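Notes to accompany the following structure.
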There are 2 protein chains.
Amino acid sequence: MIISFTEENYIKAIYSLASKSATQDVSTNEISNYFNNKAASVTDMLIRLADKKLINYQKYKGVTLSAKGQKLAIKIVRKHRLWEVFLLEKLNFKWDEVHDIAEQLEHIHSDELIDRLDKFLGEPKFDPHGDPIPNSNGQINSIKAKPLVTFTKKGNYILMGVCEHSKEFLQHLTLIGLKIGDVIKVEDINSFDNLYKVKINNKHTLFFSSKVASNILVESKK
Amino acid sequence: MIISFTEENYIKAIYSLASKSATQDVSTNEISNYFNNKAASVTDMLIRLADKKLINYQKYKGVTLSAKGQKLAIKIVRKHRLWEVFLLEKLNFKWDEVHDIAEQLEHIHSDELIDRLDKFLGEPKFDPHGDPIPNSNGQINSIKAKPLVTFTKKGNYILMGVCEHSKEFLQHLTLIGLKIGDVIKVEDINSFDNLYKVKINNKHTLFFSSKVASNILVESKK
DNA sequence: AAAAATATTTAGGGTAGTCTAAATTTTATC
DNA sequence: GATAAAATTTAGACTACCCTAAATATTTTT
Ligand SMILES: [Mn+2]
Ligand SMILES: [Mn+2]
Ligand SMILES: [Mn+2]
Ligand SMILES: [Mn+2]
């Protein structure tokens, strides 16, 4: 069965929206917001995806991925994240540059290619943004890290990933001298405006806005 | 200007057909044979490509690439061949496996990507089939090697490339123990059936059919 | 529980790229 | 140079994917 570029993007979007939202079902409007297209176009595509048994679709009730759709979504995510690692590690792109190119590369069809790429890269477990890379069986390590805002205690944390993936946000983090693996020592949390006073790698001190604190994923350091 | 996957494939086909045929102009039928589609579909596309100033098209007269089309074709060829080198050198694919995947990868849009890939691979001058890789300015070294059949003298030759790129032909060469760079010593050319008696790398002796002899490109060894 | 607001689907239409069948132009043959 | 054959284009239609406008279903508000 041939699955188009566009269909793959819908499947990936449904996967991503489902994982982010509380409810299981993804609505037509959520999808059209995601793509900045019209709800009517989405309905059109949902019917096609349902015909191909990639989703479970009931009029007016939203959609879930079928087992087949789930498998496909994870495969695309695996490809996307492995290509991002390739671009960063081998071609020396920056972490804010890899996503757009990976959006194209994730649609290359070849199981052999992706498994060889995986080996070539040393079977990495995380992509440049800290997101876990599914293995070839489709298993993903769920991520334990949580947004820094959810922690209210002073102490040492390690930057494990980001929630927000935009170029702007990633460039901002780079600008303030923050990268994955850095040790973030929370020295103070202002009770009025929730500003975090932190020290990075025991070197430079700075302040995290709540925008930053809510979009970086950390684990507390043992 | 957005150029589709399909349009890129037409441009590449016209480039390839023009370089192979004696006449400059490429005919509608040549293109439809190449793609195994209908002449009417080709005409349709030629009109679109002419609208985009990628080709010079006159009804019933065939087409040539415009300067813009030429530049695009060479860029796609560059990408194709660099990805083939990547697949062979870095991911250990065989030379008969790389083409199909490169057919997909050649359509990834990113100048930065292709230039970094080029550097990563050490700026290779030839692809796994001996075809020259255009540089980032679009310059290509024309290939000096000629099909073995064009040589009628005994002596030592070096295998520089292949004319025929099919999986079957490449696998056949591998099977008879022939790869690029090998020294082919022509010991005899049968005057009746034109069979070439050759010794490979001064080791094993075998016979080349005219099918093989006409599809391998060699240079005489100094 | 009716009315209003929102979400979703249906209807009809557009472009890209393909097809078949018919019309037209070019080339080959006598 | 007329006629036949081959090449090419035109006409009309189909699918994928998108749109707008209208219809319908669901949810929220009163
Ligand atoms: Mn990404
Ligand atoms: Mn990522
Ligand atoms: Mn190739
Ligand atoms: Mn090649």
Side-chain angles (χ1 to χ4, degrees), chain A residues 1-14 17-18 20-65 69 72 76 103-104 106-107 109, chain B residues 1-14 17-18 20-65 69 72 76 103-104 106-107 109:
Chain A
M1 177 181 293
I2 291 150
I3 291 154
S4 74
F5 201 99
T6 311
E7 288 167 335
E8 287 194 346
N9 281 333
Y10 270 85
I11 292 300
K12 198 171 60 126
I14 295 165
L17 291 169
K20 268 163 200 143
S21 90
T23 61
Q24 292 295 88
D25 290 352
V26 177
S27 74
T28 303
N29 256 8
E30 282 179 271
I31 298 170
S32 74
N33 287 336
Y34 182 91
F35 284 119
N36 275 308
N37 66 0
K38 302 294 147 148
S41 307
V42 173
T43 301
D44 211 75
M45 178 57 92
L46 294 182
I47 291 164
R48 253 195 301 279
L49 294 174
D51 285 348
K52 292 193 173 182
K53 314 278 184 206
L54 291 165
I55 60 171
N56 308 115
Y57 171 58
Q58 276 181 290
K59 264 191 193 179
Y60 294 104
K61 301 295 178 193
V63 294
T64 57
L65 290 177
L72 176 58
I76 300 168
E103 284 290 300
Q104 297 182 64
E106 72 189 5
H107 299 290
H109 292 295
Chain B
M1 177 180 294
I2 291 151
I3 292 155
S4 75
F5 201 98
T6 311
E7 288 167 335
E8 288 195 344
N9 281 332
Y10 271 84
I11 292 299
K12 197 171 58 126
I14 295 166
L17 291 169
K20 268 162 200 145
S21 91
T23 62
Q24 291 294 87
D25 290 353
V26 178
S27 74
T28 303
N29 256 9
E30 281 179 271
I31 299 170
S32 75
N33 287 338
Y34 182 91
F35 284 121
N36 272 308
N37 67 359
K38 302 295 148 153
S41 308
V42 173
T43 300
D44 214 76
M45 177 58 92
L46 294 182
I47 291 165
R48 251 195 302 280
L49 293 175
D51 286 347
K52 292 192 173 181
K53 315 276 184 208
L54 291 166
I55 60 171
N56 308 115
Y57 171 60
Q58 276 182 289
K59 266 192 193 180
Y60 296 102
K61 301 293 177 195
V63 294
T64 57
L65 290 178
L72 177 58
I76 300 168
E103 285 289 300
Q104 297 181 63
E106 72 189 6
H107 300 291
H109 292 295

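Chain letters run A, B, ... following the sequence lines, proteins first, then strands; residues in each count from 1. Since the model is a prediction, treat every value here as computed from it, not as a measurement.
In this structure a side-chain-to-backbone donor-acceptor pair under 3.5 Å is missing from A:Lys52 to A:Gly69.
Going from atom CG of A:Leu65 over to atom NZ of A:Lys12 covers 13.0 Å, rounded to the nearest 0.5 Å. With values rounded to the nearest 0.5 angstrom, B:Leu46 atom CG is found 11.5 Å from B:Leu54 atom CG. Here the OH-CD1 distance, from B:Tyr10 to B:Ile55, works out to 10.5 Å after rounding to the nearest 0.5 Å. Note: B:Ile3 CD1 to B:Asn9 CG = 12.5 Å, rounded to the nearest 0.5 Å.
Between the CG atom of B:Asn9 and the C1' atom of C:dG17 there is a distance of 13 Å, given to the nearest Å. Here C:dT24 presents its P atom at 18 Å from NZ of B:Lys61, a figure rounded to the nearest Å. Atom CD1 of B:Ile47 and atom C1' of D:dT9 are 8 Å apart (whole Å). Taking atom CD on A:Glu30 and atom C1' on C:dT8, their separation rounds to 13 Å, with Å as the unit. When the P atom of C:dA16 is taken as reference, atom CE of B:Met1 falls 12 Å away, rounded to whole Å. In this structure, the CG atom of B:Asn33 is 13 Å from the C1' atom of D:dT8, given to the nearest Å.
B:Phe35 comes within 4.0 angstrom of no nucleic acid atom, judged by non-hydrogen atoms across all strands.
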* Structure fact -> The contact string for nucleotides 12-24 of chain D, one letter per nucleotide 5' to 3', using protein heavy atoms under 4.0 Å with B, S and - for base, sugar-phosphate only and none, comes out as ----SBBBBB--B
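Side-chain contact between B:Lys20 and B:Glu30: absent, with no pair of heavy atoms (C-beta onward) separated by less than 4.5 Å.
Contact check, A:Asn29 against C:dT8: a side-chain N or O comes under 4.0 Å of OP1 or OP2. Listed pair A:Ser27 / C:dA7 fails the phosphate criterion, with no side-chain N or O lying under 4.0 Å from OP1 or OP2.
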